[in-house]
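All heavy atoms count here, side chains included; hydrogens, waters and symmetry mates do not. Just follow the structure's listing: the first ligand is 1, and inside any ligand the first atom is 1.
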Amino acid sequence: MMVTTTCKYTYPIIATGIFVLFIAVIVMTGWLLHLEAIQSLLPGHISMHFNSAICFTLLSIAMLLYIKYRNRGGHRLTGVLSLIVFLVGAATFLQKMFHSDLGIDYLFLNNNNPYYPGRMSLLTAFCLALTAIGTFGISLSTNKYKTICQFLFHFVSVVAFIVLIGYLYNVPALYNLSYFTTMACHTAFALLLLSIAASLINPSLGITGIFTGTRMGNIMARRLFSQIVVAVLIIGYLRILSHRYHWLSADVGVALLIVSFILVSLFLIWKKATILNKLEINMEVAQENFRIGVESAPYALILSDETGRITQVNFQTEKLYGYTSEELLGNNIEMLIPKELHKHYRHDSDSFFTSPAVVSLGIDEEVYANTKHGAWFPVEIVLTPITTHNGIAVLAAITDITSRKANEAIIKNQVNELQLKNQELEHFNYIASHDLQEPLRTVANYIMLLEEDYPEQINDEIRMHLSTMNSAVSRMSQLVRSLLDFGRLGKNRKLSLTDCYSIITNVITDLNGLIKKTNAVITIADEMPVLYAYETEMRQLFQNLINNAIKFTDKDVAPHITVGCKKTKGFYEFYVSDNGIGIDPKYFNDIFHIFQRLNKNEDYEGYGIGLANCRKIAEMHGGEIWVESELGKGSTFKFKILNFKA
Ligand code: ADP
């Protein structure tokens, strides 16, 4: 079965309904089987009447139906059942009031007929009729009547409580008023339970609201009431005992009752007042902290109510706008919010109050505010809803972004300049490399011509010089080409899903000749990631590092190289380690600069551009490259690249 109500007291209400139903069924069984012991709870006292038990049965079913099935038409049945109870209650009440049988005496309500159990007392009839009006009113579900119904339930609770006190203190006058016939103890108990449970269906209404709320006042009310009730019951009981057993004379007894009641009240009030005072102090401290926080904020903070009336401003507001706080307080916040945003603001404010959320203005668009003296300055505004006891207030945080804008403009200019310079540099690089190739080609051609045209004049020594010249020219040509490649690196880069494992295995295949020649062993230590990267450039990076790792080893040592990768926060960190000649720590930075080499060309061939390329590629991926090494003990080159999500 699905519970369709959202009332937080659903289960207590259901439990109470079932309990009352249980009492009523027991009593009815007692009547039907003529078992007097279970018709009346207290021996020697009056029993609950048969028709009262029927009414309780109907009322508790009505309440259970309402609480469980009100959204599925259950409320209509609640209404019908309540109406029946009301008619029975009202008919009995009228009949007893006016001593008329109204024709129903012999239906099934005849006191004198042993087969037809007795009818309810006048007081019970009255209370049941009121409770029935209440449950009928709830079933109508119009808010207007719900509060009235709530007070009907309260009234019934009070009457039932008085009757119960009568039984508790054994004071028949409270439950057996001469004219109003006696209400049974369990009738009063059932009425009290039923009326309280019914009042919990709308827990925020009437006196129930005071006890069910979650505010400090509600908590205090709950505690104070329960303590006072217990205290008064005890004091009252003692007073009755003292009277019955003649412990004290009447006037001393009353005087003591008054004194003890005053003392107990004083004690309880003292306790609660201490708590309230503490709370107030805490609240004052919180308010003061809030005030200090607002005051010391580095931006203008303005608190306004739902109508836009300014209720609090901080020092920064006065400083920024040039108004004094007296000039601002009580005025509309729109005097501080830029005019062009008024429309937005009102619109935002409307939705703001219906579904409060933080609103930011002036972040994507340029927004300017106006000081008292007519100066304009760029601002960023954040409106935050704050729930107060007077409704929703707006806390506007206004930041003067003049210096930020100025800095942004400077940075923008610098970026533009840098881009221009870069373009010039690229152009220069391209022209220079091209133009430099031309004379190099000429020199190479002339060397070739000399060798071809003057073979008999060229002796061995000249031939050797010419060959040296030739290799210098081709090295120069290679250097110029690598310079051009360095400039172009990453020009047409494209981010794509890159499988690092396949890149590395391809590089190893390409370097197969060198690997065989040097007996190199390359191990891929970790699982290589598939990630978003510039694939061509990544391949070049691995190629350079692995190639260097093979190259820079002693001639008689077989290179042992390990490639690995770790995932760190936001990055992938790769490493390529070798057992090569190692690097002196003082060169750890230099080697990543273009044309920086630590070894002679005769020992290890190269152009000093590989690691410069590697650095550029790592930086292109939002990362960096570095080396850890010790001379003679091998090196580990590490680089990390951003973990691009897509
Ligand atoms: P190249 O390899 O063409 O000389 P690089 O830019 O690749 O140029 O390397 C720059 C210098 O860094 C190398 O000349 C070498 O001295 C040093 N180096 C690079 N890799 C290693 C390595 N794995 N072990 C020792 N030294 C290295």
Side-chain angles (χ1 to χ4, degrees), residues 429 433 471-490 503-504 507-508 510-525 536-565 573-621 623-641:
N429 194 7
S433 338
S471 52
V473 165
S474 61
R475 184 170 167 75
M476 174 81 174
S477 168
Q478 187 55 46
L479 282 174
V480 169
R481 215 168 296 140
S482 41
L483 197 66
L484 189 64
D485 289 343
F486 181 74
R488 279 191 194 142
L489 190 71
I503 285 190
I504 295 166
V507 167
I508 294 173
D510 289 353
L511 295 173
N512 202 23
L514 186 63
I515 292 172
K516 276 208 171 120
K517 204 169 111 193
T518 53
N519 288 326
V521 180
I522 302 176
T523 314
I524 300 175
T536 317
E537 286 75 11
M538 278 294 277
R539 190 189 151 85
Q540 194 175 341
L541 205 168
F542 279 114
Q543 163 119 20
N544 287 342
L545 293 183
I546 296 173
N547 192 32
N548 279 355
I550 300 174
K551 189 165 66 170
F552 293 104
T553 37
D554 285 325
K555 298 278 172 289
D556 48 347
V557 176
H560 276 85
I561 297 154
T562 312
V563 185
C565 175
E573 191 178 300
F574 293 88
Y575 65 89
V576 177
S577 69
D578 61 51
N579 58 339
I581 58 173
I583 301 166
D584 189 333
K586 66 180 176 205
Y587 299 117
F588 279 0
N589 277 331
D590 296 354
I591 53 172
F592 294 102
H593 292 140
I594 196 162
F595 299 141
Q596 293 291 328
R597 309 201 66 230
L598 306 180
N599 310 94
K600 288 196 201 116
N601 210 34
E602 303 86 84
D603 298 336
Y604 300 98
E605 263 187 35
Y607 298 96
I609 195 110
L611 288 182
N613 277 340
C614 290
R615 189 172 79 163
K616 202 167 169 185
I617 294 166
E619 285 171 358
M620 212 180 269
H621 285 86
E624 55 180 330
I625 186 167
W626 67 100
V627 64
E628 291 163 8
S629 176
E630 210 180 305
L631 257 183
K633 292 198 176 159
S635 318
T636 301
F637 280 85
K638 291 186 175 175
F639 67 94
K640 58 179 188 180
I641 63 169

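Phe639 approaches Ala618 most closely through the heavy-atom pair CB-CB, 4.5 Å. When all heavy atoms of Ile583 and Ser629 are compared, the closest pair comes out as N-OG, 2.8 Å. Across all non-hydrogen atoms, the minimal contact from Ala612 to His593 is CB-C, 4.0 Å.
The closest protein non-hydrogen atom to atom 10 (C) of ligand 1 is Gln596 O, 3.3 Å. Among protein heavy atoms, the minimum distance from atom 26 (N) of ligand 1 is reached at Ile583 CG1, 3.3 Å. Remark: minimum distance from atom 17 (C) of ligand 1 to any protein heavy atom is reached at Ile591 CG2, 4.0 Å. Given atom 13 (C) of ligand 1, the protein heavy atom at minimum distance is Phe552 CZ, 3.4 Å. Counting only heavy atoms of the protein, atom 23 (N) of ligand 1 lies nearest to Asp578 OD2, 2.9 Å. In this structure, the protein non-hydrogen atom closest to atom 5 (P) of ligand 1 is Leu611 N, 3.6 Å. For atom 7 (O) of ligand 1, the closest non-hydrogen atom of the protein is Asn548 ND2, 2.7 Å. Taking atom 1 (P) of ligand 1 as the reference point, the nearest protein heavy-atom neighbour is Gly608 N, 3.6 Å.
The closest approach between Glu605 and ligand 1 stays at or above 4.0 Å for every heavy atom of the residue. Between Phe637 and ligand 1 there is a heavy-atom distance shorter than 4.0 Å. In this structure, Ser629 falls outside the shell of residues with a heavy atom less than 4.0 angstrom from ligand 1. Ligand 1 has Ile609 within reach: a non-hydrogen atom of the residue lies less than 4.0 Å from it.
Here Leu598 has heavy atoms under 4.0 Å from ligand 1 in both its backbone and its side chain.
Those atoms of ligand 1 that come under 4.0 Å of a heavy atom in Gly582, given as number and element, are 25 (C). Each of the atoms 1 (P), 2 (O), 3 (O) of ligand 1 lies under 4.0 Å from some heavy atom of Lys551.
Taking the six-membered ring for Trp and thresholds of 30 and 60 degrees, Tyr604 and Phe552 have ring planes inclined between 30 and 60 degrees apart.
Rounding to the nearest 0.5 Å places CD1 of Ile641 at 8.5 Å from CG of Leu541.
Using modelled atom types, one side-chain atom of Asn579 and one backbone atom of Ala558 make a donor-acceptor pair closer than 3.5 Å. A donor-acceptor distance shorter than 3.5 angstrom exists from the side chain of Lys616 to the backbone of Phe486, with no hydrogens or angles considered.
Taking only nitrogen or oxygen atoms, main chain and side chain alike, Gly606 does not reach within less than 3.5 Å of ligand 1.
Contact check for Ile546 versus Ile504: side-chain heavy atoms found under the 4.5 Å cut-off.
In this model, no donor atom of one side chain and acceptor atom of the other lie less than 3.5 Å apart for Gln478 and Arg475.
Annotation: Met620, atom CE; neighbour count of heavy atoms from other residues, nucleotides and ligands within 6.0 Å is above 12.
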